[in-house]
Amino acid sequence: MTAPTSAIDVNQPTLQPAAPTGRRLSWPVLLLIIAGGLALTSIVRLITGADGITNVSQMSTALQLAVPIGLAGLGGLWAERAGVVNIGLEGMMILGTWFGAWAGFQWGPWTGVLVGILGGAIGGLLHAFVTVTFNVNHIVSGVAINILALGATRYLAPLAFEGHTGGSAKQSPAVDSLGHFTVPGLSDALRDLNNQGWFFVSDIAGLLGGLVTNVSWLTLIAVALIPATWWILWRTAFGLRLRSCGENPVAAESLGVNVYKYKYIAVVISGGLAGLGGVFLSIVANPFYLEGQVSGRGFIGLAAMIFGNWMPGGLALGAGLFGYTDSLNLRGGSANVHALLLLGALLLIIGAIWLVVRKKYAPSIITAVVAALVFAWYASTDEVPNQVVSATPYVITLVVLALSAQRLRMPKADGLPYRKGQGK
């Protein structure tokens, strides 16, 4: 973001901040890339016979697994756009799972949603208090939040859940469902079209069918938060002030912005969003709290945020990718992951060609060699070990971050210490 000049008063309510600048993919180009990826996936499906990689059930499961990752990433985006690194997303999700289930089984699931958000926001408030007010290292504070959340919920679970039907020291009683919706007529039509196995058309039907079949109301809210975040942060004066705190807090303060206030607001919202991701795990994905059910999703959400270049749209794409690979553990894992080896080899070949076009010959050779090795693995085996299936989401996370590292641009003051009045 270009720092506002002295002629701009960011406190004026009539201020209309410009759209984000810089080299970013336009929506037509992004949609073209997604369509190309689907076409390539369709080719792989026809070659391998792995129809499960794009069927409606697979896509529906992928969406469900992507939501908590996306919410955690969205929480990280709010904090880091204000200049605060939030490694504590994992702990805030843990607080969301526990508080959501604790309130949900007693007073109903929607009460559980609100209390879970509050639990995550409390974690965010603590992180803000330590990092903003006392200037403690953001990484140290985030790790401490994670440890504190894990220890607190482990201590409180037996006190809150034992003695209730279905409750134990590590699991809460069951929480009633929030409810699901399926678009009548459209869902069945898309499923039938997906079952035809046609090139590209059936794959699009599978993708769209997953979006309108057995979808939780909380999923709908989570999806709506993506464009809402973009609009608030890039189309309002409030968002401009908040982002200025992450780009140049000294300049923002010189223009009258209360930097501490905006950092606090951002980190508390960050915790609330992570808490909502935890609620999704303990009320929607499973109808109960279970110790350890977050399983690193807070960190994967942080990776999705980085993959998305600190932008909501890219974050959603990253969360969808990680959710899809995670869904392979639940549906046809070994066969589907084996088919994806061929997809990976084809993508690497395309990447090598692109590098040659850009006259980066050494990286192109390395990429081509890796593509050959991946294809050899695919051609010489009929399935992959279960351990590889389980590790796939985390491997994809590392590979995607490594490949996207050179195009990333974090907020300039992200993670840097700031004291009120330090520019004077």
Side-chain angles (χ1 to χ4, degrees), residues 23-25 29-54 58 62 69 199-200 203 296 299-300 302-309 314-315 317-329 332-410:
R23 186 179 179 182
R24 295 190 178 95
L25 293 176
V29 173
L30 182 60
L31 292 175
L32 187 62
I33 292 173
I34 294 174
L38 268 177
L40 200 60
T41 304
S42 184
I43 292 172
V44 169
R45 175 180 61 80
L46 293 174
I47 294 174
T48 62
D51 293 332
I53 61 177
T54 57
Q58 185 79 55
I69 295 173
F199 170 71
F200 192 63
D203 302 286
F299 299 114
I300 297 179
L302 200 62
M305 177 203 69
I306 296 171
F307 166 79
N309 206 11
L315 182 156
L317 193 61
L321 174 63
F322 300 141
Y324 175 74
T325 55
D326 199 14
S327 71
L328 297 175
N329 286 319
S334 181
N336 288 343
V337 173
H338 183 258
L340 291 182
L341 289 177
L342 178 58
L343 177 62
L346 293 175
L347 289 173
L348 286 168
I349 291 172
I350 293 172
I353 295 172
W354 173 248
L355 289 170
V356 169
V357 171
R358 300 185 65 184
K359 299 182 179 180
K360 296 183 178 181
Y361 300 112
S364 68
I365 293 172
I366 295 173
T367 304
V369 170
V370 174
L373 292 174
V374 173
F375 179 77
W377 185 6
Y378 165 78
S380 60
T381 59
D382 294 324
E383 60 181 18
V384 295
N386 290 331
Q387 294 86 342
V388 174
V389 177
S390 300
T392 297
Y394 308 102
V395 173
I396 292 294
T397 302
L398 293 174
V399 170
V400 167
L401 287 178
L403 294 176
S404 62
Q406 293 185 357
R407 69 172 182 83
L408 300 178
R409 182 208 175 276
M410 65 190 295

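All values reported here derive from a predicted model rather than from experimental measurement. Excluded from the calculations below are hydrogen atoms, water molecules and symmetry mates; all remaining heavy atoms, backbone and side chain alike, are included.
- L347 meets the side chain to side chain contact (heavy atoms under 4.5 Å, CB included) test with L40, L343; sequence neighbours excluded.
- Contacts of I349 classified as side chain to side chain contact (heavy atoms under 4.5 Å, CB included), with partners at least two apart in sequence or in another chain: I353, A371.
- Across every non-hydrogen atom of A339 and T48, the tightest pair is CB-OG1, 3.6 Å.
- Shown here for A352 and S364, the closest heavy-atom pair between the two residues is O-CB, 3.5 Å.
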Please tabulate, one pair per line, all N/O donor-acceptor pairs under 3.5 Å involving side-chain atoms of residues 384-393, not counting sequence neighbours.
unit_1	atom_1	unit_2	atom_2	d
S390	OG	N386	O	3.2
T392	OG1	V388	O	2.7
T392	OG1	V389	O	3.4

task: Walk me through it: do F307 and L408 pass the test side-chain contact (heavy atoms from CB on, under 4.5 Å)?
output: CA-CA 8 Å; F307 166 79; L408 300 178; over 6 Å; no
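- For the atom pair OG1 of T367 and CG of L355, the computed distance is 5.0 Å after rounding to the nearest 0.5 Å.
- Note that CG of L302 is 4.5 Å distant from CD1 of I306, once rounded to the nearest 0.5 Å.
- Atom CD1 of I43 is separated from atom CZ of F200 by 10.5 Å, given to the nearest 0.5 angstrom.
- Applying the side-chain hydrogen bond (donor to acceptor under 3.5 Å, both in side chains) criterion to D203, with sequence neighbours excluded, gives S42, R45, T54.
- Shown here for A319 and A304, the closest heavy-atom pair between the two residues is N-CB, 3.9 Å.
- Proximity of a side-chain donor or acceptor of Y324 to a complementary backbone N or O of Q58 within less than 3.5 Å is not detected.
- A donor-acceptor pair under 3.5 Å links the side-chain atoms of N309 to the main chain of R409, judged by distance alone.
- With L348 as the partner, the side chain to side chain contact (heavy atoms under 4.5 Å, CB included) test is satisfied by one option alone out of I366, V369, V374: V374.
- Between the CG atom of L46 and the OG1 atom of T41 there is a distance of 11.0 Å, given to the nearest 0.5 Å.
- Interatomic distance, OG of S380 versus CZ of F375, reported as 9.5 Å (0.5 Å rounding).
- Taking all atoms of both residues into account, the shortest heavy-atom contact from I69 to G323 is CD1-N, 4.3 Å.
- Under the rule for a ring pair (Phe, Tyr, Trp, His ring centres under 6.0 Å), the partners of Y378 that lie at least two apart in sequence or sit in another chain are H338.
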